[in-house]
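Please read the structure below before turning to the comments.
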Amino acid sequence: MLRRAGPSLRHFLLQRNISAGHSSCSREAKMSRPVQARRLEGIDKNIWVEFVKLATTYSKVNLGQGFPDFPAPEFLREALLRALSGGSPMLHQYTRAFGHPPLVKVLAQFFEKLLGRELDPMTNVMVTVGAYQALFCCFQALVDEGDEVIIIEPFFDCYEPMVKMAGGTPVFVPLRPNPPKDGKLMSSADWQLDPAELASKFNERTKAIVLNSPNNPLGKVFSRGELGLIAELCVKHDVLCISDEVYEWLVYDGKQHIRIASLQGMWERTVIIGSAGKTFSATGWKVGWVVGPDRLLQHLRTVHQNSVYHCATIAQEAVAQGFQRELTLYGKPESYFVQLPKELQQKRDWLVQSLDGVGMKPIIPEGTYFLVADISPFKSDVPDVPNSDEPYDSRFAKWMVKNKGLAAIPLSAFYSEAHKNNYTNFIRFCFAKEEATLKAASDILQKWKQEKTSS
């Protein structure tokens with residue numbers, strides 16, 4: 001009997017197993033070269049990761065994270081259901097990369113009314129995956145190595161790492177508190193920029209300033225005079241303005257939100273950022289947008305098309321219908337943009353009274369759904385630790401959620417390393433909550449006060 005030439009099947013399988021084992025060992029060998037990109041150095045820590053975990057583990061009442069625990073408006077939920085069930089089958093497929101046509105068209109119509117200028121929906125509006133991605137596109141598209149970006153403190157925490165990832169250098173200027181002398185509670189309006197200090201931050205390396213009005217975490221709504229100062233400096237030094245206006249509809253006590261792009265000389269140098277999550281109380285939908293001149297947005301489109309590329313069609317369709325409704329009802333009492341701030345102002349006042357009643361001095365916000373409270377009177381509950389690297393407000397917030405079941409966020413998390421130790425007697429609460437949630441928080445505070453009184 002003739003034998004087949006070449007290696008036997010058994011020999012072949014044995015060799016393959018040996019080779020596979022060698023390959024597996026190679027894959028398990030540790031790499032000696034660094035794997036982390038240099039642009040990520042020093043930005044790996046995130047306040048939300050730590051405090052969300054603490055809230056999930058310990059809190060009975062979570063007033064830390066900034067999201068409502070009440071439902072989005074019925075008309076918006078119905079719009080989503082219509083798009084899901086009875087809409088075009090194409091709503092389940094890709095739409096236009098830079099924004100679903102119905103959404104960019106109604107956004108253009110809306111902002112034409114707000115800014116008093118004609119807008120092209122295809123070039124002056126772009127839809128993003130929430131305001132977060134809008135910010136990322138701005139910094140990646142407009143900031144280069146060596147550029148300086150002015151950030152007003154306190155600031156939403158992602159501004160600083162995003163500037164650094166783009167190769168830029170953050171330059172910080174604080175809002176400084178100026179407490180009233182009549183003994184009244186402080187307002188967010190009492191936190192102001194020093195005009196000379198702000199002007200000193202502008203130079204030939206300054207590429208942009210980040211403006212957040214209404215401001216998270218303070219709730220400050222910048223006045224026309226303050227915006228005029230910023231605009232004057234931007235024009236003088238040929239600087240861009242990245243204007244984060246996600247809380248634009250949430251202003252109280254008759255205050256007016258003024259869009260800096262509407263001021264003289266600012267349209268051509270401003271990118272406006274908005275959020276359906278904040279506008280329609282649907283933060284999980286992650287629909288945001290940018291509005292601005294094509295000369296700026298064309299570069300944001302380049303970043304968008306080479307990263308996220310596309311946002312969820314169904315969500316964009318529902319948001320478009322929501323805006324169409326609000327455009328029809330603009331300025332009328334039944335408008336959600338009129339009703340929501342009225343409801344939130346009542347919730348704000350409830351929480352202000354609860355905090356003031358137990359000795360935490362709240363700073364009354366003019367806008368957003370956050371308020372900051374002074375915890376100085378409670379230092380006896382959580383004694384300071386000399387020479388500690390951790391800011392006092394951070395340790396206080398951790399102690400409070402673990403021992404009292406009430407979650408909040410330390411204000412120092414919204415400051416740069418250089419300045420955070422100057423503002424460690426404050427914590428931030430979110431009041432966009434159901435009445436039952438706010439009452440539960442009030443009950444915790446009242447019980448805490450009684451314990452302090454009896455001890």
Side-chain angles (χ1 to χ4, degrees), residues 152-155 172-201 211-230 232-233 247 250-258 341 344-382 384 391-393 396-397 408-416 418-429 431 442 445 448-449 452-453:
I152 300 170
E153 297 180 293
F155 59 90
F172 302 99
V173 58
L175 290 163
R176 299 191 180 277
N178 183 24
K181 297 177 181 178
D182 55 8
K184 291 182 179 179
L185 290 175
M186 196 184 301
S187 161
S188 58
D190 296 320
W191 292 61
Q192 299 171 351
L193 290 166
D194 180 307
E197 185 178 19
L198 176 64
S200 73
K201 304 298 180 181
L211 172 67
N212 178 209
S213 181
N215 170 273
N216 172 17
L218 272 180
K220 178 181 175 64
V221 177
F222 283 71
S223 69
R224 183 175 292 276
E226 290 170 315
L227 294 175
L229 171 65
I230 294 169
E232 182 182 331
L233 290 167
Y247 299 101
L250 306 183
V251 292
Y252 313 121
D253 302 318
K255 294 284 183 179
Q256 182 185 7
H257 169 61
I258 299 167
L344 287 176
Q345 182 170 326
Q346 292 177 347
K347 295 176 185 292
R348 179 203 68 175
D349 293 345
W350 174 299
L351 186 56
V352 164
Q353 291 174 3
S354 296
L355 292 168
D356 189 35
V358 299
M360 280 191 195
K361 294 301 180 184
I363 297 166
I364 302 174
E366 305 157 279
T368 77
Y369 43 51
F370 302 110
L371 69 77
V372 170
D374 186 344
I375 56 174
S376 299
F378 284 74
K379 279 200 169 183
S380 59
D381 295 71
V382 189
D384 206 349
Y392 177 76
D393 59 344
F396 183 95
I409 301 295
L411 186 65
S412 62
F414 301 89
Y415 281 89
S416 62
H419 296 152
K420 65 170 47 181
N421 287 322
N422 298 331
Y423 300 91
T424 60
N425 290 330
F426 302 93
I427 54 177
R428 189 201 75 172
F429 294 96
F431 56 85
S442 179
L445 292 167
W448 190 354
K449 179 184 179 182
K452 285 172 66 67
T453 304

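In this chain, numbering begins with 1 at the start of the sequence shown.
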When you compare the side chain of N421 with that of S412, does any pair of heavy atoms fall below 4.5 Å? no
Going by the rule side-chain hydrogen bond (donor to acceptor under 3.5 Å, both in side chains), which residues pair with S187 if we only count those two or more places apart in sequence or in a different chain? none
Output all residues satisfying side-chain contact (heavy atoms from CB on, under 4.5 Å) with N422, sequence neighbours left out; order by chain, then residue number. H419
Give a yes or no answer on whether the side chain of S376 reaches the backbone of N425 with a donor-acceptor pair at less than 3.5 Å. no
Derivation of the side chain to side chain contact (heavy atoms under 4.5 Å, CB included) call for T368 and L250: CA-CA 5 Å; T368 77; L250 306 183; 5.6 Å; no
Point-to-point distance, once rounded to the nearest 0.5 Å, from CZ of F426 to CD1 of I375: 9.0 Å
G219 and S188 have their tightest heavy-atom pair at O-OG, 3.3 Å
Using salt bridge (Lys or Arg N to Asp or Glu O under 4.0 Å) as the criterion, list what pairs up with K361, not counting sequence neighbours. D356
In Å and rounded to the nearest 0.5 Å, what is the CD1 to CG distance from I152 to L198? 6.5 Å
Checking ring pair (Phe, Tyr, Trp, His ring centres under 6.0 Å) between F172 and each of Y415, F414, F155, which is the one that passes? F155
Out of curiosity, F431 CZ to D349 CG, how far, rounded to the nearest 0.5 Å? 8.5 Å
For the rings on Y369 and Y247, is their centre-to-centre separation under 6.0 Å? yes
Taking the side chain as everything from C-beta on, heavy atoms only, tell me whether P362 gets closer than 4.5 Å to L351. no
Do P179 and D190 come close enough that some side-chain heavy atom pair is under 4.5 Å? no
Does the side chain of L411 come within less than 4.5 Å of P217's, by heavy atoms? yes
Once side-chain hydrogen bond (donor to acceptor under 3.5 Å, both in side chains) is applied, do any residues pair with N212, and if so which ones, sequence neighbours excluded? none
Listed by chain and number, what are the salt bridge (Lys or Arg N to Asp or Glu O under 4.0 Å) partners of E232, not counting sequence neighbours? none
Do any N or O atoms from the side chain of D253 and from the backbone of K255 form a donor-acceptor pair under 3.5 angstrom? no
Rounded distance [0.5 Å steps], CD1 in I427 versus CG in L355: 8.0 Å
With sequence neighbours excluded, tell me which residues meet side-chain contact (heavy atoms from CB on, under 4.5 Å) with I364. L185, R348, V352
With sequence neighbours left out, the residues meeting side-chain hydrogen bond (donor to acceptor under 3.5 Å, both in side chains) with W448 are D381
Would you say S213's side chain and N215's backbone share a donor-acceptor pair under 3.5 angstrom? no
Could I get the full list of salt bridge (Lys or Arg N to Asp or Glu O under 4.0 Å) partners for E226, not counting sequence neighbours? K220
What residues, two or more places apart in sequence or in another chain, satisfy side-chain hydrogen bond (donor to acceptor under 3.5 Å, both in side chains) together with R176? E197
Which value, rounded to the nearest 0.5 Å, describes the distance between Q192 atom CD and N178 atom CG? 6.0 Å
Reported CZ-to-CG distance for the pair F222 and L193, which is rounded to 0.5 angstrom: 5.5 Å
Quick one: list whatever passes side-chain contact (heavy atoms from CB on, under 4.5 Å) with Q346, sequence neighbours left out. none
Minimum side-chain heavy-atom gap K201-L233 below 4.5 Å: no
With heavy-atom distances below 4.5 Å as the criterion, would you say the side chains of F396 and P410 are in contact? no
Quick one: list whatever passes side-chain contact (heavy atoms from CB on, under 4.5 Å) with P177, sequence neighbours left out. M186, W191, Y423
Ignoring hydrogens and angles, tell me if any N or O in the side chain of D374 forms a donor-acceptor pair with the backbone of M360 under 3.5 Å. no
Side-chain (E366) to main-chain (V221) donor-acceptor, under 3.5 angstrom: yes
Could I get the full list of salt bridge (Lys or Arg N to Asp or Glu O under 4.0 Å) partners for K347, not counting sequence neighbours? none
